[in-house]
Amino acid sequence: MNSPSRDAKSEFERIIDDAILSAYGKVDFERKMLGDTIKYASSEFGDLSCSISFALARSLRKDPRKIAAEIAKHAKAGRLVAEIGAESGYINARLDRASYGSAVIERIAAMKKDYGRSEIGKGHRVFVESPSVNPNKPWHVGHLRNAILGSVISNLLEFCSYDVERENYIDDLGLQVAESVWGYMHMGNEPDKKFDTWLGEQYVMVNKRMSEKAAVKEEINHLVKRMEAGGTDEAKTAREIAEKCVAAQYETASMYGICHDILVWESDIVSEKLLEKALSVADKAGMLEKPKEGKYAGCVTINLDKVKELAKDFENPLEDTKVLVRSNGTATYVAKDFAFHMWKFGIIEDTFKYRTFIRKQVDGGELRTTSPSGERKRLGPADSVINIIDDRQRYPQLILKAAFKLLGYPEISSSIVHLSYGTVGVSGGSLSGRKGGWMGEDGRSYTADYLLEEVSKKAAEIVGNSKKVTDTSKVGEIARAIALGAIKFDFVSVAPEKDMLFSWERALKFEGDTGPYCIYTYARATRLLEKAGPAEHKLVEKDYSALGAGEFAVIKLLSVADEMVEKACRERRPNILTDYLLELCTAFSKFYEAVPVIGSGEAERARLAVVSSTRQTIGNMLLLLGIKPLERM
RNA sequence: GGGCCCGUAGCUCAGCUUGGAUAGAGCAGCACCCUUCUAAGGUGAUGGUCACGGGUUCAAAUCCCGUCGGGCCCGCCA
């Protein structure tokens with residue numbers, strides 16, 4: 001079934017094209033341009049508007065207002081597009097409410113859960129990497145922004161028929177983890193709280209001690225080497241601790257309804273010798289330099305001078321040489337990431353062993369992990385990857401793309417997408433893991449756990465007072481869902497590139513442009529349909545001639561759901577979805593408040609169909625955002 | 001030295017990629033609307049030099065150049 005919205009736009013385009021022909025004969029203008037000049041108009045002017053007259057003004061040597069009027073005069077109404085007029089240079093059209101309305105509602109009734117879906121990603125495999133938090137601390141609100149973005153982007157991609165692998169990279173060999181492991185082995189403290197939180201607090205203490213005592217620093221540096229060597233006791237202990245920490249982090253993820261498909265551990269990358277394989281591939285391609293003298297003597301490097309055209313960042317950097325392998329033989333972060341991406345794109349064969357990490361996540365899916373022992377399986381290759389990493393890593397991500405260009409894979413280079421997002425700050429400080437900024441003060445921390453706890457508490461107060469929630473045993477569950485809706489919606493609704501300042505006032509807001517408002521709208525629609533009776537809203541009405549302006553405003557918005565989904569997916573801006581959802585909810589609320597539905601006589605059945613379609617669409621959009629629609633609140 | 005992101009109402013933010021009609025929401029504040037489908041809502045009024053200066057265009061918040069503010073990046077750290 002075709003989209004009425006797209007049908008209407010192309011019908012309008014055809015009508016205007018014909019009208020131009022009959023008014024002026026053959027006119028020299030770009031046919032493609034016509035479609036671009038057609039937009040949805042604010043309803044005082046009509047439903048659709050076209051600004052082609054301005055473009056034609058030059059070649060026709062006429063006033064655009066005159067042109068618009070002449071085109072409108074020659075235009076013949078179609079099946080969906082009726083009433084064509086002209087005003088101040090624009091050609092405006094009204095849609096035929098009955099035929100457009102029935103087309104939209106029938107489509108939603110037929111597609112149900114699939115309404116809004118798109119096929120643009122069919123046959124395309126994409127890896128989404130997120131949130132890749134170090135396994136030595138709990139998720140804080142900054143990590144949460146990443147995890148939520150990753151989750152919504154993945155949902156969007158799936159809804160657009162992409163084959164999505166949700167991947168979480170775990171760097172268990174870094175200095176950070178080593179510090180935590182050192183603390184675990186030497187500080188003699190017993191975990192007395194959730195393991196990730198406890199470990200994160202250890203880390204802060206160890207870091208302080210390390211900066212005070214050189215001997216500690218040395219021990220930790222030694223520990224890093226022992227961990228990287230693999231097979232050592234230290235390596236085993238480190239992995240055990242890190243796994244325990246990741247398991248704790250996934251308790252958080254699970255509460256937030258955030259799920260992944262695969263964990264990839266740095267220590268497994270090392271033991272599978274991905275780096276050596278990658279360097280050998282790179283060496284064969286002739287992209288590596290091995291200076292014998294000078295500043296980089298004994299290193300393996302690449303030269304960014306050759307990829308200047310890739311980004312302005314490379315034009316005049318302080319240094320155009322990038323080290324992959326240090327003179328002491330260890331690899332840099334960029335080298336590791338390069339190797340990892342060769343694996344993602346299948347340049348290096350997948351020799352990882354996999355086992356189950358979590359049997360069943362909240363979405364029902366299994367979370368697997370790379371592991372020293374387990375089953376072989378091929379995950380790749382990816383057609384493209386989306387790395388959700390904050391803006392500060394823009395430069396290394398560019399180097400990664402540059403490396404593939406140098407390797408001779410320009411198409412891979414352009415298939416690596418860095419979805420860069422702004423940092424989350426807290427007033428008067430940063431969320432530094434090292435210094436413990438995430439721990440907050442006065443008992444209020446910035447962990448994702450604490451955030452959810454606090455927001456749930458406030459939600460529970462409100463739900464507890466709700467006359468609509470009569471089953472008190474459900475209060476906790478409903479409050480939790482509302483809290484999640486509030487938090488997720490808030491994070492997603494800010495454009496990714498913007499920095500955010502976390503504030504409790506903002507986090508605890510349930511009114512206005514918020515997730516709870518959207519859930520509330522859904523609940524209202526649900527109850528209305530319940531009261532109307534079980535059979536009523538299942539009917540698709542044949543006659544929509546009774547639709548008023550309020551209902552039709554809703555229908556117009558309903559009709560563009562798939563276009564909004566596609567746009568949000570293509571541009572990787574999930575806030576397009578929250579904007580759309582708010583607009584839809586607002587239009588519905590206005591309609592809901594303005595006219596009665598039940599007992600409205602002639603109009604009742606058509607209005608119920610609008611309510612039912614809206615409920616379905618709001619529900620679909622909420623699920624895409626990872627928010628649970630509630631029947632009651 | 002070079003690069004990136006941000007600057008829109010008192011506050012928090014959409015809109016900018018693809019230029020179009022009087023620049024949109026929410027919050028705060030003001031005035032209203034619950035014996036009537038959930039008031040977490042709706043209505044009305046108020047609130048803007050779209051940081052600033054140029055340019056392109058019939059048309060600029062949107063594109064280009066420059067300036068000023070704020071944040072970030074350019075390591076044999078991770």
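Residue numbers begin at 1 in each chain, while the letters A, B, ... track the order of the sequences.
- The pair A:Glu228-A:Lys225 does not meet the salt-bridge criterion, since no charged nitrogen lies less than 4.0 angstrom from a carboxylate oxygen.
- Checking B:G1 for Watson-Crick or G-U wobble geometry (two distances, each under 3.5 Å) identifies B:C74 as its partner.
- Rounded to an integer number of Å, the gap from A:Lys498 NZ to B:C5 P is 13 Å.
- Nucleotide B:C63 is matched to B:G55 when pairs are restricted to Watson-Crick or G-U wobble geometry with both distances under 3.5 angstrom.
- Residue side chain A:Phe45 meets the stacking definition with respect to B:A21: its ring centre sits within less than 5.5 angstrom of the base's six-membered ring centre, and the planes differ by less than 30 degrees.
- Regarding contacts with the backbone of B:G75, every side-chain N or O of A:Lys322 stays at 4.0 angstrom or more from both OP1 and OP2.
- As judged by a 4.0 angstrom heavy-atom cut-off over every strand, A:Thr330 is placed among residues making no nucleic acid contact.
- Contact annotation: A:Lys295 does not reach the phosphate of B:C76 (side-chain N/O to OP1 or OP2, under 4.0 Å).
- The side chain of A:Tyr517 contributes an N or O atom lying less than 4.0 Å from OP1 or OP2 of B:G42.
- Straight-line distance from the CD atom of A:Glu511 to the P atom of B:C11: 21 Å, rounded to whole Å.
- Distances shown here put a side-chain N or O of A:Arg506 below 4.0 Å from the OP1 or OP2 atom of B:C13.
- Taking the charged nitrogens against the carboxylate oxygens, A:Glu497 and A:Arg573 do have a contact shorter than 4.0 Å, which makes a salt bridge.
- Ionic pairing of A:Glu319 and A:Lys295 is present here: one or more N-O contacts between side-chain nitrogen and carboxylate oxygen are shorter than 4.0 angstrom.
- Remark: the A:Glu219 side chain and the A:Trp182 side chain contain an N/O donor-acceptor pair separated by less than 3.5 Å.
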